[in-house]
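Encoded as structure tokens, the structure appears first; notes follow it.
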There are 2 protein chains.
Amino acid sequence: MPRVSDMKKRLTDAALDLMWENSYGTTSVDAICERAGAKKGSFYYFFKSKSELTVAALEAEWNKNKANMDALFSPTVPPLERFDRYFDHVQLQEACGSILGCPMLSIGSEVSTQDPGVRATVERIWDRKIKYFESAIRDAHAQGLIEAPDPEAKARALFACYHGTLAQARIENDVGLLRDFKQVAMDVLGVKHVQAASS
Amino acid sequence: MPRVSDMKKRLTDAALDLMWENSYGTTSVDAICERAGAKKGSFYYFFKSKSELTVAALEAEWNKNKANMDALFSPTVPPLERFDRYFDHVQLQEACGSILGCPMLSIGSEVSTQDPGVRATVERIWDRKIKYFESAIRDAHAQGLIEAPDPEAKARALFACYHGTLAQARIENDVGLLRDFKQVAMDVLGVKHVQAASS
DNA sequence: AAAATACTTGACTGATCAGTCTACATCGGC
DNA sequence: GCCGATGTAGACTGATCAGTCAAGTATTTT
């Protein structure tokens with residue numbers, strides 16, 4: 001066995017996988033250990049509880065995705081195009097498996113009244129994501145592309161719609177909703193209709 | 001004890017309460033029994049499993065709300081006003097406690113990969129709710145109030161946004177999002193902006 | 001080679017889980 | 001007054017749960 005173990009990562013990966021496949025509440029420590037190839041003792045060597053592990057797993061997942069978000073929402077990209085690229089990216093990821101947004105949403109709605117630590121983490125990560133939306137909206141407003149006197153509120157509203165669509169798409173196992181979301185986003189942002197006509 | 005017991009209702013009520021306060025997965029049969037003042041035997045006299053109870057509870061809740069939905073979405077009401085009234089109604093209910101939409105959403109995202117029976121029930125009830133949206137959208141389109149060549153898709157998109165906002169409002173414990181949703185709904189529907197000015 | 005560090009093992013505890021079972025109570029109908 | 005139907009009571013089973021712990025094994029440091 002190596003001096004520095006990869007078990008911590010294996011545990012957080014396993015946890016996120018299982019919570020995505022099932023749910024936070026129904027994912028047991030035993031199951032996480034089994035999938036990670038760990039024994040109980042190892043789990044509690046690294047983490048004090050399932051809650052603490054979840055926090056670590058979510059933060060790790062965020063860090064993995066941050067660079068990508070930075071690129072997609074780069075100020076060098078025209079503001080409305082940032083959303084375009086982002087929702088394209090989401091749709092692509094969603095088509096073939098898990099992504100940060102979705103396990104976070106299901107975990108979020110599940111623990112919102114239960115686990116304060118996990119809840120705070122989810123909110124913290126969401127706030128960071130909303131920041132990307134917000135600055136893109138502010139830029140779009142400044143360029144006169146949209147009318148958004150309150151970028152923060154607009155960002156939050158769009159984020160909520162986006163998450164709802166993500167959740168619905170998952171529950172009904174229908175990517176169509178996600179495919180159409182780009183247009184919905186433009187509507188919510190208040191962009192003048194560009195009829196993506198059939199020819 | 002009366003000939004006909006109210007225990008069935010007490011059990012479904014207790015179940016929905018607990019699932020709203022916590023979640024589907026973490027709500028145990030024992031806890032439901034305790035809250036309903038029932039013993040294990042009574043529970044399994046009425047229901048074969050937690051899953052079956054949940055289905056019954058959701059259907060019962062829907063039936064309780066159906067008349068209200070019919071009134072709010074009555075064809076006698078101008079189509080866009082139906083949404084206005086509905087989201088007002090939702091906001092009011094949400095401000096002081098539970099409502100059908102929300103426990104259904106959290107249960108839905110939780111069991112989407114687990115319990116097929118509950119999942120099917122959630123989808124069935126959602127489909128019914130979407131029908132209200134859909135016909136209002138079709139009417140609005142017919143009256144030239146909005147441009148919606150595909151009312152079903154529009155209804156589903158709006159429904160997803162609505163649910164996302166509901167979920168977000170709950171998680172962040174912020175009714176503001178819900179208050180603003182009427183405008184977002186109009187945007188998604190494609191209604192020309194009516195600036196609800198500050199005077 | 002000894003000691004310290006970093007990690008692993010798996011048995012164990014006590015609580016809680018879903019679900020079963022038999023015995024019992026209360027009622028309307030006769 | 002008794003019978004069948006509708007419901008209730010609660011002990012019990014075996015599985016699974018989160019979390020503990022003492023003992024062990026590599027690997028690096030000294």
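In this structure, B:E34 places its CD atom 15 Å from C1' of D:dG10, rounding to the nearest Å. When rounded to the nearest whole Å, the span between NZ of B:K39 and C1' of C:dA25 equals 14 Å. In this structure, the CG atom of B:D6 is 14 Å from the P atom of C:dC27, given to the nearest Å. Rounded to an integer number of Å, the gap from CG of B:L11 to P of D:dT6 is 18 Å. The CE-P distance, from B:M7 to D:dG10, rounds to 12 Å in whole Å. In this structure, A:Y24 places its OH atom 10 Å from P of D:dA18, rounding to the nearest Å.
Aromatic ring pairs are classed by plane angle as parallel below 30°, tilted from 30° to 60° and perpendicular above 60°; the pair A:H163 and A:F159 is tilted. Between B:F181 and B:Y162, the angle of the ring planes lies from 30° to 60°, which puts this pair in the tilted group.
One side chain, B:D187 or B:Q183, offers a donor N or O that lies under 3.5 Å from an acceptor on the other.
In this structure, A:S5 does not reach the C:dC7 phosphate: none of its side-chain N or O atoms is under 4.0 Å from OP1 or OP2.
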Item to complete: List the protein contact pattern of nucleotides 19-24 of chain D with one symbol per nucleotide (5' to 3'): B for base contact, S for sugar-phosphate-only contact, - for none; contact means a heavy-atom distance under 4.0 Å.
Response: BBB---

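Under the 6.0 Å distance and 45° angle rule, A:K50 counts as a cation-pi partner of A:Y24.
Applying the salt bridge (Lys or Arg N to Asp or Glu O under 4.0 Å) rule to pairs touching residues 71-83 of chain A yields A:E81-A:R85, A:R82-A:D139, sequence neighbours excluded.
In the set D:dG10, D:dT6, C:dT8, the nucleotide with an atom closest to the side chain of B:Y45 is D:dT6.
With sequence neighbours excluded, the residues forming a side chain to side chain contact (heavy atoms under 4.5 Å, CB included) with A:E152 are A:E134, A:D150, A:R156, listed by chain and number.
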